[in-house]
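One-based numbering, in listed order, for ligands and for the atoms of each. The analysis underlying the following values was restricted to heavy atoms, covering all of them including side chains, and did not include hydrogens, waters or symmetry mates.
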Amino acid sequence: MKVLGLESSCDETGIAIFDTESNKIWQRLYSQIERHQEYGGVVPELASRDHVVKAAPMIEDILREWGDIDSIDAIAYTRGPGLIGALMVGASIARGIGWALDKPVLGVHHMEGHLLAPMLGDEHPEYPFVALLVSGGHTMLVDVQAIGKYRILGESLDDAVGEAFDKTAKLLGLPYPGGPHLAALADQTSQSQFKFPRPMTNRPGLEFSFSGLKTAALNIIQQYNPLDDSLRAEIAYAFQHAVVDTLRIKCGRALEQTGYSRLVVAGGVGANRRLRAVLTEVLEQRDGRVYFPAIEYCTDNGAMIAYAGALRLNAGQADEGVFDVLPRWSLESLPPIQPPI
Ligand code: KG4
Ligand code: ZN
């Protein structure tokens, strides 16, 4: 089965084609980062308009390399969660192509896309596993028993971890989205005079809270104002250490609680080098294994949507009747499917 996938939940337009027989993927990605940078965050209306402008030419472009649109067997798009206008663009295009070609169309859960992204690599984790989903909008630990059998073990009560990176980076005067910039700044030093709290680690449970970290950063910034470059790097270092340490502690607890030996890390913050190094070490110590998507599949992309959609479409699932998008959508409400192709 050849599935065209469209991702448009936020500020990336992702188009991909996944072929379930050859396991091959073709993809195009357009990031709107520059458009939103002057506002210091994503402006939803501008995001929707950019998806409208970019998506169709990108589909034409990928088809020039791949082949005839009639050879597409089905279409998958991001149904949610995400920005409603941005989601509507992808959904409308996907539905339009589906109607024109008389092919099935399926709305995919964005976080399921992230969660299954490591499967696009050469080494697939077996089920079950614990998934740590860390993006700009979500932070959650999930017990993944099989595709579509998800139990949320813990979530952030306030800021998502990517959001905490971005807000703290903004306080340090870094461009949007600040996560990778803050990480690069932190890497400029190997120590810090500051120690940030590890929120919610001194009590049991798998819930997270990251909003206090940006306040901790703000207090230091105000106290030491004006900051020189080495102080900024020390703040970034202390922040990144606190975040990674908190995620390490909670992942360890989730593995204890489930008894699993496999951890999958996905979502934009999964690109963070320190997080990758620390979790690799933790899983080695536990005789387990951690799986990360390739860096290009960590942040939003069409490939993960084409892939997750293909698994479900291949199992006979498709949208029926009137279509809608779901800006808020629980991962636990998804139906299960048979093991992957
Ligand atoms: O998954 P994603 O592309 O979009 C959402 O679905 O939210 O994640 C984007 C988030 C942003 O907050 C970005 O700053 C963060 O991932 N991010 C990073 C790194 N690369 C991206 N955070 C920390 N370190 C990185 N290397
Ligand atoms: Zn995402």
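Not close to ligand 1: Cys10, with no non-hydrogen atom less than 4.0 angstrom away.
For the Zn ion (ligand 2), the count of nearby protein N, O or S atoms, meaning those under 2.8 Å away, is 3.
Judged by the 6.0 Å and 45° rule, Arg28 forms no cation-pi pair with Trp26.
At a heavy-atom distance under 4.0 Å, only side-chain atoms of His110, from C-beta outward, approach ligand 1. The proximity of Asp166 to ligand 1, defined as any non-hydrogen pair under 4.0 Å, is limited to the side chain.
Residues His110 and Glu7 have side chains that bring a donor and an acceptor to within less than 3.5 angstrom of each other. A side-chain donor from one of Ser209 and Asp158 sits under 3.5 Å from a side-chain acceptor of the other.
Taking the six-membered ring for Trp and thresholds of 30 and 60 degrees, Phe210 and Phe208 have nearly parallel ring planes, at less than 30 degrees apart.
Set against the non-hydrogen atoms of His114, the atoms of ligand 1 under 4.0 Å away are 1 (O), 6 (O).
On a distance-only criterion, Gly267 and ligand 1 share no N/O pair closer than 3.5 Å. The shortest N/O to N/O separation between Phe165 and ligand 1 does not fall below 3.5 Å.
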Notebook entry, point to check: For Phe194 and Tyr224, what are the C-alpha separation, side-chain angles and deciding distance, and is it a ring-ring contact (aromatic ring centres under 6.0 Å, His included)?
Noted result: CA-CA 12 Å; Phe194 307 114; Tyr224 286 83; 5.3 Å; yes
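Of the protein's non-hydrogen atoms, Gly268 O, 3.3 Å is the one closest to atom 21 (C) of ligand 1.
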